[in-house]
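Down below is the structure, laid out as structure tokens.
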Amino acid sequence: MTDRTRYRKATQVLHLGRDPRKYLGAVNTPVFRATTILFRELADLELAARGEYAGLTYGLHGLPTVVDLQNAVAALEGGFAALAVPSGLTATTLPLLALAKPGDHALVTDVVYGPTRRFCENHLRRLGVDVSYYDPLAGAAIRARLSAEYADRLRRVAWIADVRGARHSGDRGRRARAARESSLDNTWATPLGFRAFDHGVDISVHAATKYIGGHSDVLLGVIVASEATRPALHRIWTDMGIAASSDDCFLGLRGLRTLAIRLAQHQASALRIANWLQARPEVAEVLYPALPGARGHELWKRDFTAASGLFGVVLRPVAHERIAAMLNGMRLFGMGWSWGGFESLIIPTYPERSRSVTRWQAAGPSLRLHIGLEDRTI
Ligand SMILES: *Cc1c(COP(=O)(O)O)cnc(C)c1O
């Protein structure tokens, strides 16, 4: 088969993870609903019982729709292999559970996805793993902290990194040695916006619920692993019986086909709206790294190849009733959690509630916007 990864990204998303010749010429890999897989001969079953059978043995793991999604995302991001899981949150937490042992230290970015922080506090600590948080914009200080504070007693670090900050801290090889395993939540950028494995990350996880699914109708996570981390991840994924369904993976694959063109539109419209907001007197700051002049823009330009349609806005101090009136009066923007679908969303955010080592200094309230695929002029 041709190596599809030599094509440009927008072309790859159309062709990875499907092979019509296998399925009567059908363009897309169909949904496989199967639990029992029948063996042709006793010898095959006996091989399977010893774990030595190459084919599919049971519906929990290895159905073609699932495998095709896993292979597509792994290839797109330059990882060794991928595992599909039932939600983005499973994708962020399973690597921690797979890799951290009692006595280890997990160093986690202070801006980590809130429920991932909750998992660290409620479960990693219970398992005897030390958890601390770092300022993702600390740059070289991240590495300094790693070597000075932990080098002696470090056995393993599961590092959920904002690589924009972490890469400041030195070249790839040095950083990889400093943290024994690093894991990145790459949901915002998608595999198209940031090639995690080119930056020395060991594990990259995606809430495919967001842009890969793209239509606000599927919960799905993908864990992309390096060759070295794949065995431990595969072990726990198998032992815990964590499988994403074929139906959900079908939707993941369907979303993937249009990811490049959707993402380009999300980014173009988001830039327009971010620009407009930046000039408004009600706005103190627009938090969108793709916006020239915004915080983190230089790092974004250096490391990223695309941005998505999700960004934050800090308002100047304003009465709560006026915020409520604005949000309640929206016509095209809906109010709700999650993002990455075709629709525009707006919600208030409370960053000050989920920081422990950095301080959220804003005087006014914050909003989070997801810019959907509406026409750029109404
Ligand atoms: C939404 C999200 C998740 C979790 O995804 P679910 O499928 O909703 O569990 C994880 N990480 C980030 C950055 C997210 O935005």
Side-chain angles (χ1 to χ4, degrees), residues 66 69-70 73 77 82-97 108-123 133 136 158-166 182-194 196 201 203-224 237 240 242-245 247-249 251-252 255-256 259 263 266 270 287-289 296 300 304 306-312 334-343 345-347 349-351 354-355 366-372:
V66 179
L69 175 70
Q70 293 177 161
V73 178
E77 205 173 17
L83 299 168
V85 292
S87 72
L89 185 55
T90 314
T92 65
T93 56
L94 200 67
L96 294 166
L97 206 51
V108 179
T109 172
D110 206 32
V111 297
V112 69
Y113 176 62
T116 308
R117 179 189 285 260
R118 198 177 62 205
F119 176 86
C120 292
E121 292 301 314
N122 289 340
H123 302 288
Y133 300 88
W159 188 3
I160 304 173
D162 177 344
V163 173
R164 283 180 301 167
S182 57
S183 176
L184 169 81
D185 187 335
N186 201 12
T187 300
W188 181 82
T190 85
L192 298 184
F194 186 76
V201 162
I203 298 169
S204 172
V205 303
H206 299 273
T209 306
K210 309 286 165 58
Y211 284 117
I212 293 177
H215 295 74
S216 303
D217 55 8
V218 61
L219 283 160
L220 191 62
V222 180
I223 303 170
V224 186
W237 182 74
M240 292 183 68
I242 298 172
S245 77
D247 297 77
D248 291 346
C249 291
L251 289 176
L256 195 64
L259 178 61
L263 204 64
H266 283 296
L287 303 168
Y288 186 42
W300 177 80
F304 288 71
S308 55
L310 186 81
F311 64 87
M335 240 188 301
W337 283 304
S338 204
W339 46 275
F342 53 84
E343 79 283 18
L345 298 168
I346 185 166
I347 53 168
T349 51
Y350 314 98
S354 57
R355 301 282 187 274
S366 321
L367 299 170
R368 188 183 79 184
L369 281 76
H370 178 254
I371 307 305

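Both ligands and their constituent atoms are indexed starting at 1 by order of listing.
A 4.5 Å side-chain heavy-atom check between Leu251 and Leu220 finds every atom pair outside the cut-off. Side-chain contact between Leu219 and Asp248 is absent, with no heavy-atom pair separated by less than 4.5 Å. Looking at heavy atoms from C-beta onward, Phe311 lies out of side-chain contact with Leu287 at the 4.5 angstrom threshold.
Between Lys210 and ligand 1, at least one pair of N/O atoms sits closer than 3.5 Å. Annotation: Gly88 places an N or O atom under 3.5 Å from an N or O atom of ligand 1; distance criterion only.
Look at Trp188 and you'll find every heavy atom at least 4.0 Å from all atoms of ligand 1.
Which parts of ligand 1 touch Leu219 is read off a 4.0 Å heavy-atom cut-off, strictly below it: atoms 7 (O). Shown in contact with Trp339 at under 4.0 Å from a heavy atom are these atoms of ligand 1, numbered in order with element: 15 (O). Close contacts of ligand 1 with Ala207, meaning ligand atoms under 4.0 Å from a residue heavy atom, involve 2 (C), 3 (C), 4 (C), 5 (O), 10 (C).
Separation of the Tyr211 and Trp188 ring centroids does not fall under the 6.0 Å cut-off.
Nearest-heavy-atom check against atom 11 (N) of ligand 1 across Val205, Leu220, Asp185, Thr116 picks out Asp185.
Aromatic ring orientation, Phe304 versus Trp300: parallel (interplanar angle below 30°, classes split at 30° and 60°).
When only non-hydrogen protein atoms are considered, atom 7 (O) of ligand 1 lies nearest to Thr209 OG1, 2.5 Å. Closest to atom 9 (O) of ligand 1, if we only count protein heavy atoms, is Leu89 N, 2.9 Å.
Other residues, nucleotides and ligands place more than 12 heavy atoms under 6.0 Å from the CE atom of Met335.
To the nearest 0.5 Å, atoms CZ (Arg368) and CD1 (Ile347) are separated by 4.0 Å.
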